[in-house]
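Notes follow once the structure below has been shown.
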Number of protein chains: 2
Amino acid sequence: MGNRTERLLAIKSIIATRKVSSQEELLSLLDKKGMNYTQATLSRDLKFLKVNKISDPEKGYIYELPDQHLISNEIAETYAAQGFISIQFANKLGVIKTLPGYANSIASLIDKANPFEILGTIAGDDTILLIPQEDVTEKDIINSLILTIPELKNKI
Amino acid sequence: MGNRTERLLAIKSIIATRKVSSQEELLSLLDKKGMNYTQATLSRDLKFLKVNKISDPEKGYIYELPDQHLISNEIAETYAAQGFISIQFANKLGVIKTLPGYANSIASLIDKANPFEILGTIAGDDTILLIPQEDVTEKDIINSLILTIPELKNKI
DNA sequence: TCCCATGGTGTATAATTATTCATATAATGT
DNA sequence: ACATTATATGAATAATTATACACCATGGGA
């Protein structure tokens, strides 16, 4: 079903932007977006997305996307953002142009973040080919990139 | 009850050294150490220690001590370990001697890790005073320091 | 000393999350 | 195209975790 991907992306985006502390809560947030599922499905989704539940002073425990703790990547991210030139799409594939030599390090950041909606990357010297998951939109890919490398926000 | 501290330390040490995926499991590990409590107590303890539950490829989800994600501190830790000279105890207080100028940064690392068994620190230029929680042993303090700054292992 | 407030714990139970089972639908091989 | 296998999902339920309540011990004040 094509809706699973949409739902997973919605979950990622919700969890990335607000503090959610239970599956019921997430359920009703999805409901507001017109997505009606059951708690059982969310339980499976969260496991699939490897979402963690971490201590939060305000809400006790909240869900957190994995790899967000890679704060040590900040330097790498800034560097990567500098080398980023543009992204275009053709034939369901994404093509990122970078400054010469930057492609590999940017691609490796994306791989490391491993967003499920990007199946993989192939990098040359100044070009990265992004192979998206089926039925993922360009917008989804771009959002995903920004989640991975926030500094790209201004450059896309 | 004085046993609470002992139990909390045991929990920290268990979680730091092995993958635990449920409170029942933790319960029986404590039981093997002769500590008999109930699941309700562990639930409260884990909340108190701000233990997170994170995705694990092997066991699904496991408990994880907070602040372990501060990998970005590695540099700071190496630096701190270099400046560390010795630790001694007197009157239930710990006294760390450091190279001149190192005391504050080491103390700040300890404060940031905020182990509950160390109430606080006071740092001068080459000396840190450690104020331990009641009924915490010297051994506990040292283990705690090593958890915070692993590089100290060889120097203590 | 006597209260009262606080903190820690167990028991019982509520709330939350994971799983089993059944089913439908889509994908794959022949 | 058909059979077979894999994937996705909900309903019901099991498993896990959190909490309400009661109780006890301790440590200040008055």
Seminar exercise, completed: The ring-ring contact (aromatic ring centres under 6.0 Å, His included) partners of A/Tyr102 (sequence neighbours excluded) come to A/Tyr79

Reckon [X] has a side-chain N or O less than 4.0 Å from the OP1 or OP2 of [N]?
{"X": "B/Arg7", "N": "C/dT9", "answer": "yes"}
{"X": "A/Lys53", "N": "C/dT17", "answer": "yes"}
{"X": "A/Gln23", "N": "C/dA15", "answer": "no"}
{"X": "B/Thr41", "N": "C/dG8", "answer": "no"}

For this session: Check the surroundings of atom NZ in A/Lys19: do more than 12 heavy atoms from other residues, nucleotides or ligands lie under 6.0 Å from it?
Result: yes

Whole-Å gap separating [atom2] ([N]) and [atom1] ([X]):
{"X": "B/Leu42", "N": "C/dT11", "atom1": "CG", "atom2": "P", "answer": "13 Å"}
{"X": "A/Ile62", "N": "C/dT16", "atom1": "CD1", "atom2": "C1'", "answer": "17 Å"}
{"X": "B/Leu27", "N": "D/dA18", "atom1": "CG", "atom2": "P", "answer": "13 Å"}
{"X": "B/Arg44", "N": "C/dT9", "atom1": "CZ", "atom2": "P", "answer": "8 Å"}
{"X": "A/Tyr63", "N": "C/dA18", "atom1": "OH", "atom2": "C1'", "answer": "11 Å"}
{"X": "A/Glu6", "N": "D/dA8", "atom1": "CD", "atom2": "C1'", "answer": "15 Å"}
{"X": "A/Gln39", "N": "D/dA15", "atom1": "CD", "atom2": "C1'", "answer": "12 Å"}
{"X": "B/Glu24", "N": "D/dA18", "atom1": "CD", "atom2": "P", "answer": "12 Å"}

Exercise. Hey, are the side chains of A/Ile11 and A/Leu49 touching, using non-hydrogen atoms and a 4.5 Å cut-off?
Worked result: yes

For this session: Name the residue closer to the 5' end of DNA chain C, choosing between A/Ala40 and B/Asn36 according to the nucleotide with the nearest heavy atom.
Result: B/Asn36

Seminar exercise, completed: Across all chains, not counting sequence neighbours, the side-chain hydrogen bond (donor to acceptor under 3.5 Å, both in side chains) partners of A/Lys59 are A/Glu25

I want to verify a distance call: between [options], whose nearest atom is closest to the [X] side chain?
{"X": "A/Ser43", "options": "C/dA18, D/dA18, C/dT17", "answer": "C/dA18"}
{"X": "B/Thr38", "options": "C/dT11, C/dT17, D/dT16", "answer": "C/dT11"}
{"X": "B/Tyr37", "options": "C/dT19, D/dT17, C/dG10", "answer": "C/dG10"}

For this session: Measure the spacing between CG of A/Asp56 and NZ of B/Lys50 and express it to the nearest 0.5 Å.
Result: 9.5 Å

Exercise. Touch check for A/Phe48, heavy atoms < 4.0 angstrom, all strands: base, sugar-phosphate only, or nothing?
Worked result: nothing

